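Here's the structure, in structure tokens; my notes come after.
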Amino acid sequence: MSVRVRYAPSPTGLQHIGGVRTALFNYFFARSQGGAFILRVEDTDRERYNDQALQDLYDTFEWLGIEWDEGPNKDGGYGPYVQSERFDLYTRYAEQLVESGHGYYCFCSSERLDALREQQKQEKQGQGYDRHCRNLTNDQREEYLRQGIKPVVRFKVPLEGTTVFEDILLGEMKKKNKDIPADPVLLKSDGFPTYHLANVVDDHLMAITHIMRAQEWIPSGPLHILLYEAFGWEPPQYCHLPMVMGKDGQKLSKRHGATSVIEFRRQGYLPEAVINYISLLGWSYDDKREFFTKDELEELFVLEKLNKAPAVFDYKKLEWFNGQYIREKKDEELIELLLPYLQKENIVGTTPTNEEMAKLREMMPLMKERLHFLPDIVPLSRFLFQEIEGYEADELIPKKLDAAKTIEILQADRELMAKFELVGEERTEELLRQKAEELEVKLGAMLMPVRVAITGSRTSPPLFGSIRLLGIDKTLERIDRAITLLQSEDS
RNA sequence: GUCUCCUUCGUCUAGUGGUUAGGACACCGGGUUUUCAUCCCGGCAACGGGGGUUCGACUCCCCCAGGAGAUGCCA
């Protein structure tokens, strides 16, 4: 039987890094096995349902380049793939369970349930439903119905015995039935199913062969097995994935930094880097390789290399991966990625001029290795396109020197730079070195004032390259301005 | 409270009875260099604790501790 796996998010929030890792592992597993990857939207919580979340799901998948074999807008004969469109199905199966004696109607109000929970907490007792409606008589049931109370359907968890299932990663998972949360709700009073019912029904109907989900689902594993048994269905194979944690060892959340994929996208991460990095959370290939393209992972992914322990998300390492992938980009491609950030800051126009594009192309080799994130391009390149913001006169002055000496340096620089285009970079450097010796300063001190004068900052791309890009006229102009600034400060 | 899972450098991990316990990120030093970055070289740093099993345990078993997760008409 060929592999069929699914990713089944609920559109209640933005796609989270942890969820996406689960999606990726399912996707890679399907691909590596020549199986099918199915996307199923679990929108049974109408309270928290959110249209944007659904759009975000699609956007995220598109950005990462993950395509589902079956799912919304792509029927594979097992649809629909959106649970709200399967509404009737769940009612039918819930009723089936009631009829076969595996489920029952419960009329307890949420007030009663809340009070119950509160009391249990006070008395430090184990929590859970007290099975109040489990053995209602027909009369009682009809009385409740007459009062117009909408019942829920609960699952009749066996009071005794043990439920066992095999987890591919974790091995045998065993749980006493008495430790399974008492009689969970299967069908809510609004007629929608809960996760437990919907997921079992759909996984069965969609012929899912393997369930790969985060370890936070382990506790409900036995319940699902019981459900399969109650229906007389064969359960799929399980594989519970290690969780993704924040720096403090807690479940990854907002306070650890970006957690939704769209945030990473906005902050200028590349999808290649994100995919590569998160694939290495809880999974590894061997001890010498950690760079993988999506295509490679589709081929190399194996369950055997999965790790059991939770993994801490390390932003620093992702940053490093991102820098690596940026450097691997072809110039043209990188420019396209950079453009939106440049445009947002009005560094280049909405439709860049040929001149701007030419400058962009020319500056790429200088910028590329300095980028960790796409938006890093902004502070790095601004001086080439716009007049520089004011800088302090002090910044012009190299360490251990004074304003007078700096003026002297700048004047010498100006003279030599003026011939820059004529004599070329190498010759200019030679001349500058000679001059530096004459003035008894280091080459660095000779150049720092110019750097600040033309870029407005002590850190910048290589100086000669910057001058070439800026043009000699602007360069001289900015040097002059720096000299004037120092003179006025000095007097 | 109850149940469950997990445990190798700070972090991600390799390792499947005999290794100087390997790599990567981070960090620290050094080199290249006109600043920054890149790049190169080097360094720091781990088998949670206690019992077994064994000639021999990071590797197998048990206990403890610690961490995490679940305990909803959320998924």
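Naming convention: chains lettered A, B, ... in sequence-line order (proteins, then strands); numbering from 1 in each chain. Because the structure is predicted, anything quoted here is derived from the model rather than measured. When reading the values below, keep in mind they use all heavy atoms of this one structure, side chains included, and skip hydrogens, waters and symmetry mates.
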Interatomic distance at [atom1], [N] relative to [M], whole Å:
N	M	atom1	value
B/U16	B/G72	P	43 Å
B/A26	B/G10	C1'	8 Å
B/G15	B/U2	C1'	37 Å
B/G1	B/C25	C1'	41 Å
B/G67	B/C62	P	23 Å
B/C9	B/C3	C1'	33 Å
B/G31	B/A37	P	15 Å
B/G48	B/C74	P	41 Å

Seminar exercise, completed: Hits for side-chain hydrogen bond (donor to acceptor under 3.5 Å, both in side chains) against A/Ser10, two or more places apart or cross-chain, chain-then-number order -> A/Thr12

For this session: State yes or no: are the ring centers of A/Trp320 and A/Tyr269 separated by less than 6.0 Å?
Result: no

Exercise. Which pairs pass ring-ring contact (aromatic ring centres under 6.0 Å, His included) with one or both residues in residues 174-203 of chain A, sequence neighbours excluded?
Worked result: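 Output for this query lists A/Phe87-A/Phe192, A/Tyr195-A/Trp217, A/Tyr195-A/His224, A/His196-A/His224.
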
For this session: Name the nucleic acid region contacted by A/Lys175, choosing base, sugar-phosphate or nothing; use a 4.0 angstrom heavy-atom cut-off, strictly under.
Result: sugar-phosphate

For this session: Determine whether the side chains of A/Asn199 and A/Arg6 contain a donor N or O and an acceptor N or O closer than 3.5 Å.
Result: yes

Problem set entry | Modelled atom types, side-chain donor and acceptor of A/Asp287 and A/Tyr285, under 3.5 Å |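 The criterion, which ignores hydrogens and geometry beyond distance, is not satisfied for A/Tyr285 and A/Asp287.
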
Exercise. Which residues satisfy the salt bridge (charged side-chain N to carboxylate O under 4.0 Å, His left out) test with A/Glu437, sequence neighbours excluded?
Worked result: none

For this session: Could you tell me which residues satisfy salt bridge (charged side-chain N to carboxylate O under 4.0 Å, His left out) with A/Asp183, sequence neighbours excluded, listed by chain and number?
Result: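 Testing A/Asp183 for salt bridge (charged side-chain N to carboxylate O under 4.0 Å, His left out), a comparison that skips the adjacent residues, returns A/Arg131, A/Arg134.
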
For this session: Would you give the length of the straight line joining atom OG1 of A/Thr91 to atom CD of A/Gln96, rounded to the nearest 0.5 angstrom?
Result: 12.5 Å

Exercise. Once you round to the nearest 0.5 Å, how far does NZ of A/Lys442 lie from NZ of A/Lys399?
Worked result: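 A/Lys442 atom NZ to A/Lys399 atom NZ measures 10.5 Å (nearest 0.5 Å).
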
Exercise. Under the ring pair (Phe, Tyr, Trp, His ring centres under 6.0 Å) test, which residues partner A/Tyr105, sequence neighbours left out?
Worked result: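 Scan of A/Tyr105 (ring pair (Phe, Tyr, Trp, His ring centres under 6.0 Å), adjacent residues dropped) gives none.
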
For this session: Can you run down the salt bridge (Lys or Arg N to Asp or Glu O under 4.0 Å) pairs that involve residues 246-258 of chain A, sequence neighbours left out, and say none if there aren't any?
Result: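 The answer is A/Glu216-A/Lys251, A/Asp248-A/Arg255.
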
Problem set entry | salt bridge (Lys or Arg N to Asp or Glu O under 4.0 Å) pairs, two or more places apart, involving residues 306-324 of chain A | A/Glu290-A/Lys317

For this session: Mind running salt bridge (Lys or Arg N to Asp or Glu O under 4.0 Å) on A/Glu425 and A/Arg427 for me, showing each step along the way?
Result: CA-CA 6 Å; A/Glu425 251 172 60; A/Arg427 182 65 185 145; over 6 Å; no

For this session: Would you mind building the protein contact string for nucleotides 32-42 of chain B? One character per nucleotide, 5' to 3', B for base within reach (heavy atoms under 4.0 Å), S for sugar-phosphate only, - for untouched.
Result: --BBBBSS---

Donor-acceptor pairs are to be reported for all side-chain atoms of residues 163-173 of chain A against protein atoms at under 3.5 Å, with residues two or more places apart or in another chain.
{"unit_1": "A/Thr163", "atom_1": "OG1", "unit_2": "A/Asn177", "atom_2": "ND2", "d": "2.6"}
{"unit_1": "A/Asp167", "atom_1": "OD1", "unit_2": "A/Leu169", "atom_2": "N", "d": "2.8"}
{"unit_1": "A/Asp167", "atom_1": "OD1", "unit_2": "A/Leu170", "atom_2": "N", "d": "2.8"}
{"unit_1": "A/Asp167", "atom_1": "OD2", "unit_2": "A/His240", "atom_2": "N", "d": "2.9"}
{"unit_1": "A/Asp167", "atom_1": "OD2", "unit_2": "A/His240", "atom_2": "ND1", "d": "2.7"}

Problem set entry | Any residue of residues 279-291 of chain A with a heavy atom less than 4.0 Å from an atom of RNA chain B | A/Leu280, A/Leu281, A/Gly282, A/Ser284, A/Asp287, A/Glu290

Exercise. Going by heavy atoms closer than 4.0 Å, what residues in residues 306-316 of chain A are next to RNA chain B?
Worked result: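 By residue number: A/Asn307, A/Lys308, A/Ala309, A/Pro310, A/Ala311, A/Val312, A/Asp314, A/Lys316.
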
Which protein N or O atoms sit under 3.5 Å from an N or O of nucleotides 73-75 of chain B?
{"unit_1": "B/C73", "atom_1": "O2", "unit_2": "A/Ser189", "atom_2": "N", "d": "2.8"}
{"unit_1": "B/C73", "atom_1": "O2", "unit_2": "A/Ser189", "atom_2": "OG", "d": "2.8"}
{"unit_1": "B/C73", "atom_1": "N3", "unit_2": "A/Ser189", "atom_2": "OG", "d": "3.1"}
{"unit_1": "B/C73", "atom_1": "N4", "unit_2": "A/Cys108", "atom_2": "O", "d": "3.1"}
{"unit_1": "B/C74", "atom_1": "OP2", "unit_2": "A/Lys188", "atom_2": "NZ", "d": "2.9"}
{"unit_1": "B/C74", "atom_1": "O2'", "unit_2": "A/Asp45", "atom_2": "OD2", "d": "2.9"}
{"unit_1": "B/C74", "atom_1": "O2'", "unit_2": "A/Arg48", "atom_2": "NH2", "d": "2.9"}
{"unit_1": "B/C74", "atom_1": "O2", "unit_2": "A/Arg48", "atom_2": "NH2", "d": "3.2"}
{"unit_1": "B/A75", "atom_1": "OP1", "unit_2": "A/Thr44", "atom_2": "OG1", "d": "2.9"}
{"unit_1": "B/A75", "atom_1": "OP1", "unit_2": "A/Lys188", "atom_2": "NZ", "d": "2.9"}
{"unit_1": "B/A75", "atom_1": "OP2", "unit_2": "A/Tyr195", "atom_2": "N", "d": "3.1"}
{"unit_1": "B/A75", "atom_1": "O3'", "unit_2": "A/Glu42", "atom_2": "OE1", "d": "2.8"}

